[in-house]
2 protein chains.
Amino acid sequence: MSNAKALPEAGGQGVAPCCPPLAERPMTAEEAETAARMFKALGDPVRLRLFSAVASHEGGEACVCDISDVGVSQPTVSHHLKKLKEAGLLTSERRGTWVYYRVEPSVLAAMGRLLALPSAV
Amino acid sequence: MSNAKALPEAGGQGVAPCCPPLAERPMTAEEAETAARMFKALGDPVRLRLFSAVASHEGGEACVCDISDVGVSQPTVSHHLKKLKEAGLLTSERRGTWVYYRVEPSVLAAMGRLLALPSAV
């Protein structure tokens with residue numbers, strides 16, 4: 001029944017894509033809850049800049065020390081990175097002093113699929 | 001300088017895609033403001049269901065009368081459709097008693113491009 005709705009709650013391990021394309025059929029309430037959480041995480045300009053900073057950083061990962069130039073304090077950066085992680089958009093790994101963040105490509109791909117329109121329209 | 005940031009403020013006419021892929025380079029503050037507005041509009045489960053209902057409706061358009069089965073009142077439906085329109089995700093046209101809403105495909109495509117990861121990663 002609802003075996004296609006799984007998305008990472010946190011950490012991004014064991015990611016399964018959520019939801020059919022928005023234009024395929026009306027989303028169910030459950031699907032919308034899951035997908036809205038991801039969109040909401042990117043619905044803040046500072047969070048979006050941080051996400052972009054991680055995604056575009058050398059090697060596809062970054063620590064707080066690498067991406068502190070978006071005009072907010074380091075605790076604020078950490079707070080937003082945590083939110084992105086909770087939404088399943090980033091994974092993290094501690095190495096020594098720093099926590100390194102990495103974009104979860106399968107979740108991005110799932111969001112991209114959600115937005116795909118039928119080519120016949 | 002900033003000639004690539006244009007997005008519809010309302011109504012969706014004259015849409016120009018916003019922003020490079022998130023992973024290409026860190027977004028500027030201006031780009032992030034524009035893009036976050038779109039993501040935020042889809043960051044609400046009811047709004048996402050309504051958007052999906054319009055996108056998947058016959059002919060790619062729907063009026064409030066067609067999509068009132070998401071469990072909220074018609075004024076609430078109208079409110080959310082207005083928000084989606086303000087974010088440039090829907091366009092609207094009044095015909096007789098009803099306002100018909102249609103997905104703005106170029107904005108969806110721009111959001112999809114934002115989420116694209118480099119294939120070499």
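Lettering follows sequence order; numbering is per chain, from 1.
When each of G71(B), A109(B), A53(B), P45(B) is scored by its heavy-atom pairs under 4.5 Å with chain A, the top score falls to P45(B). In terms of heavy-atom pairs under 4.5 Å with chain B, the best-connected choice from R25(A), K40(A), R49(A) is R49(A). For the set G43(A), P105(A), G112(A), the count of heavy-atom pairs under 4.5 angstrom toward chain B peaks at G43(A). Listed options P26(B), S52(B), A32(B) were ranked by heavy-atom pairs under 4.5 angstrom with chain A; first place goes to S52(B).
Using a distance-only test at 3.5 Å, with no hydrogens or angles considered, no donor-acceptor pair links the side chain of T76(B) to the main chain of V72(B). Judged purely by atom type and a 3.5 angstrom limit, E33(B) has no side-chain atom pairing as donor or acceptor with the backbone of E30(B). In this structure a side-chain-to-backbone donor-acceptor pair under 3.5 Å is missing from R47(A) to L50(A).
Using modelled atom types and a 3.5 Å distance limit, the side chains of S106(A) and E104(A) yield a donor-acceptor pair.
There is no contact between A41(A) and chain B, counting heavy-atom distances below 4.5 Å.
Rounding to the nearest 0.5 angstrom, the gap separating the OH atom in Y101(A) from the NZ atom in K85(A) is 6.0 Å.
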